[in-house]
Amino acid sequence: MRWSNYFIPTLREDPADAEVISHKLLLRAGVIRQLSAGIYSLLPLGQRIALKVMQILREEMNAIGGQEFYLPALHPAEIWQESGRWDAIGDEMFRLKDRKNTDMCLGMTHEEVFTAIARNEIRSYKQLPQVWYQIQIKFRDEARPKSGLIRVRSFIMKDAYTFDVDRAGLDKSFMDQREAYKKIFTRCGIKFLIVEASSGAMGGSESDEFMARTPAGEDLIVSCPSCGYAANLEKATSRLTAMPDEAGLPAPEEFPTPGVRTIEDLVTFPGGAEASRQIKSLVYIATIGGDPRPVLVLMRGDHQLHETKLGDALGSTAVRPAHPEEIRELLGASAGSLGGVGAKDKARAAKMDLRIIADSSLKGRRNMTTGANKDDHHIRGVEIERDIPVDSWHELRIVESGEGCPRCDGGVLEVFKGMEIGHIFKLGTKYSDSMGATVLTQDGKQVPIVMGSYGIGVERIISAAVEQRHDEDGIIWPQSLAPFDVVVTITNMKQDDLRQTGEKLYSDLERAGLDVLLDDRDERAGVKFKDADLIGIPYRITIGKKVAEGVVELYDRRAKQSEDVKITDVVDRVQALALAGS
RNA sequence: CGGGGCGUGGCUCAGCCUGGUAGAGCGCACGGUUCGGGACCGUGAGGUCGGAGGUUCGAAUCCUCUCGCCCCGACCA
């Protein structure tokens, strides 16, 4: 392409609306423009980059037997009603009605459509396994779109679905996808890690998230540098050093604590206890099976509760802290004086059924201090398993950096931010059951198809690449995603020898199969250099004064170094570099 | 949805507090001088000051409502 009439609207200054690096640079480099909140247009450079990503996705999906489909983005409500998600999903789904007043929606994912195809067409185990995928637009009415392309309402996704006769088949399909994903992100030049994640409302038994480490990410990742353990904070656990407790008292003992409202208060109160020797007691209202139920959550005094973990542990669709009035009604005290001892009796007296759930770090603890369910009073000498009727134990606390790795000895956990760039799920039979997709097995039994689903966001890959690969001058694309392999910069268009050399190299490089951008604009060299750095083309051939000696410069965007190369050698050099680079 | 911020030529912003009829830099067009890291000089085009209503002799400026965008939080198949 010739830059002089190619549309690359670069910006000299950071746009006011952009906060994160990738957003600023993608706008400044003329890759994207915003249409509305969370809605972006890909400009010619952006489309070239997206096409390169999609090509990689296709190649790796095809390599594991994937078959490319193209499904509609407009769906009838009917199939979503069948799967149960028409009601399960809230405002995040774009819903509309057609002229006949039939409910429709814009697809936010395609389990339903693919399952609908499978149930109509697949009858026998002999037709399995199937690996189906598409690269297509998705619509999600995000509560808060943000950070440029990182969280948007309309985006391109590669989504794949596998169909197997049994669990073992799914395990293999899942591993195939997992390996393909590793190759994809590696080819895209993104540093990533795979973390255990909560499946959430997607359903299914197991899911892995692919995360790109970047401060612009929205998730917190816990990882162990020693053994490679990695998990989303909502799923992560840690190993805590055991706390030696003295035997304490033969029975718990109540004592007055006037004015003590918080864990901190009790630490400094004479006769109080340090935070790690206190039991923090929180009342939550959890919706379980559609009914709100009070739950008393017990945590170590210096630990924080992770609400998602609480919800997962309870099998609850929603949890919220109880209001002060609800707490008083239930336990007869204010939030600063609650405890597990005698709590069930108090609740029963108030005609309520209280469930007690405790963080596993409290297991076996003795001589603890906690609230007495009586304002301005606490209880000491509590031996939790002796004195409190805990219904169940779970990992509920927020893991913090510096804690011990749960998988290996001696590993120390780090916590950092990451961006989700891919997510793979073992769905099992959630959709095949609800939508009736079955096959006959070899022995003539009708069984639900076992499914998996696997997604990668194209714009997320682009954002992650920019987040991880940039410097103060602009983007540094990996060769695999770069909109052009090389830019030929003619430093002065008024000099015929420079122009002719540039033109010749341009056509020679294109003939060699490279994507070439010829900067033939009537601009000063400095402007061209700045723009080339900004848009991040991996190599630049600078056509300057040394042409008289038969030499041009080859500039490496990433290394920011240039070397003189004979004009006769430069095509071979760039070709070799482009093949080798990523 | 809760909290905060911002809407003024294409872009980045000033002007608003204290009302008097709109400015700068960049970009753009033309002419000239320049020509290897975002040149310089001159001339010029370009703005219903997000929108509606109100107060006032007079509103970018004050008041009310509304729309949009950004950030934090909640949420996130």
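All chains are named by letter (A, B, ...) in the order of the sequence lines, taking the proteins before the strands, and each is independently numbered beginning at 1.
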**Asked** With sugar-phosphate meaning primed atoms plus P, OP1 and OP2, does A:Arg540 contact a base, only sugar-phosphate, or nothing at under 4.0 Å between heavy atoms?
**Response** base
**Message:** Is there, by distance only and without an angle test, a donor paired with an acceptor across the side chain of A:Glu553 and the base of B:G36 below 3.5 Å?
**Reply:** yes
**Complete:** Partner of B:G7 under the Watson-Crick or G-U wobble criteria, both distances under 3.5 Å, comes out as B:C67
**B:U64 and B:U55, which share atom name P, separated by this distance in whole Å** = 15 Å
**Item:** Nearest to side-chain heavy atoms of A:Lys530, which nucleotide of B:G37, B:U12, B:C71
**Value:** B:G37
**Asked** Separation of A:Glu92 atom CD from B:C1 atom P, in whole Å?
**Response** 15 Å
**Message:** Say we look at B:U12 and B:C28: how far apart would their C1' atoms be, to the nearest angstrom?
**Reply:** 16 Å
**Request:** Quick one: sort the A:Phe163 and A:Trp132 rings into parallel, tilted or perpendicular, breaks at 30° and 60°.
**Result:** tilted
**Message:** For the C1' atoms, the ones on B:U21 and on B:A59, what distance do you get once it is rounded to whole angstrom?
**Reply:** 9 Å
**Asked** A:Asp219 or A:Thr491: which one's nearest nucleotide on RNA chain B is closer to the 5' end?
**Response** A:Thr491
**Asked** Does a donor on one side chain sit under 3.5 Å from an acceptor on the other, for A:Tyr431 and A:Asp433?
**Response** no
**Prompt:** With a 4.0 Å cut-off on heavy atoms, is A:Phe139 in touch with a base, just the backbone sugar-phosphate, or nothing at all?
**Reply:** nothing
**Asked** Closer than 4.0 Å, any side-chain N/O of A:Ser36 to the OP1 or OP2 of B:G68?
**Response** no
**Asked** Please, which pairs that meet ring pair (Phe, Tyr, Trp, His ring centres under 6.0 Å) have at least one residue in residues 16-35 of chain A, sequence neighbours excluded?
**Response** A:His23-A:Tyr40
**Asked** Expressed in angstrom and rounded to an integer, what is the separation of A:Glu472 atom CD from B:G38 atom C1'?
**Response** 15 Å
**Complete:** With the side chain defined as heavy atoms from C-beta on, A:Val527 is closest, among B:U12, B:A39, B:C69, to B:A39
**Asked** Are A:Lys138 and A:Phe155 in a cation-pi setup, meaning NZ or CZ lies under 6.0 angstrom from the ring centre and within 45 degrees of the ring axis?
**Response** no
**Request:** Consider the side chain of A:Arg524, meaning its heavy atoms from C-beta on, and name the nucleotide among B:U34, B:G37, B:C71 that approaches it most closely.
**Result:** B:U34
**Request:** Could you let me know what B:C35 is paired to, Watson-Crick or G-U wobble, both distances under 3.5 Å, or none if it's on its own?
**Result:** none
**Prompt:** A:Phe484 and ring pair (Phe, Tyr, Trp, His ring centres under 6.0 Å): which partner among A:Tyr6, A:Tyr506, A:Trp477?
**Reply:** A:Tyr6
**Asked** In whole angstroms, how far is the P atom of B:A14 from the CD atom of A:Glu13?
**Response** 12 Å
**Asked** What does A:Pro9 touch in the nucleic acid at a heavy-atom separation under 4.0 angstrom: a base, only the sugar-phosphate, or nothing?
**Response** nothing
**Item:** RNA chain B: 5'-proximal contact among A:Lys146 and A:Glu420 (nearest heavy atom)
**Value:** A:Lys146
**Watson-Crick or G-U wobble mate for B:U43, both contacts under 3.5 Å** = B:A29
**Item:** Selected nucleotide, minimal atom distance to A:Ala37 side chain, candidates B:C70, B:U12, B:C71
**Value:** B:C70
**Message:** What is the separation between atom CG on A:Asp91 and atom C1' on B:A74, rounded to the nearest whole Å?
**Reply:** 13 Å
**Message:** Considering every strand and a 4.0 Å limit on heavy-atom distances, what is the contact class for A:Lys528: base, sugar-phosphate, or nothing?
**Reply:** nothing
**Identified pairing partner of B:G23, criterion: Watson-Crick or G-U wobble below 3.5 Å** = B:C13
**Message:** Distance check needed: B:U33 C1' versus A:Asp522 CG, whole Å only.
**Reply:** 14 Å
**Prompt:** So which nucleotide from B:C72, B:C35, B:C70 ends up closest to the side chain of A:Asn492?
**Reply:** B:C35
**Request:** Find the distance A:Ile490:CD1 to B:C35:P and express it as a whole number of Å.
**Result:** 19 Å
**Prompt:** Given the P atoms of B:G3 and B:C65, what is the spacing between them in whole Å?
**Reply:** 14 Å
**Asked** Across the strands shown, which category fits A:Ser147 at heavy-atom distances under 4.0 angstrom: base, sugar-phosphate, nothing?
**Response** sugar-phosphate
**Prompt:** To the side chain of A:Arg12, which of B:G73, B:C75, B:C26 is closest?
**Reply:** B:C26
**Asked** Of all the choices, B:G27, B:G36, B:U12, which nucleotide is nearest to the side chain of A:Phe529 once you look at every atom?
**Response** B:G36
**Asked** Hey, is the main chain of A:Lys560 close enough, under 3.5 Å, to the side chain of A:Asp556 for a donor-acceptor pair?
**Response** no
**Complete:** Considering only heavy side-chain atoms of A:Asp531, the closest of B:G38, B:C71, B:C35 is B:G38
**Request:** Could you label the plane-to-plane angle of the A:Phe69 and A:Phe114 rings as parallel, tilted or perpendicular, counting under 30° as parallel and over 60° as perpendicular?
**Result:** perpendicular
**Message:** Can you tell me the base-pairing partner of B:A59? Count Watson-Crick or G-U wobble geometry only, both distances below 3.5 Å, and say none if there is no partner.
**Reply:** none
**Message:** Nearest whole Å is fine: how far is B:G68 C1' from A:Asp17 CG?
**Reply:** 10 Å
**Asked** Is A:Arg119 reaching over with its side chain to a backbone N or O of A:Met435, donor-acceptor style, under 3.5 angstrom?
**Response** yes
**Item:** Proximity to the side chain of A:Gln34 - top-ranked nucleotide from B:C71, B:G37, B:C69
**Value:** B:C69
**Prompt:** What nucleic acid atoms does A:Asp14 come within less than 4.0 Å of, heavy atoms only: base, sugar-phosphate, or nothing?
**Reply:** sugar-phosphate
**Item:** Complement of B:G2, any strand, by Watson-Crick or G-U distances under 3.5 angstrom
**Value:** B:C72
**Request:** Assign A:Lys494 to base, sugar-phosphate, or nothing according to its heavy-atom contacts below 4.0 angstrom with the strands shown.
**Result:** base
**Fill in**
From the candidates B:A74, B:C26, B:C13, the one with an atom nearest any side-chain atom of A:Ala16 is B:C13
**Prompt:** Touch check for A:Arg28, heavy atoms < 4.0 angstrom, all strands: base, sugar-phosphate only, or nothing?
**Reply:** base
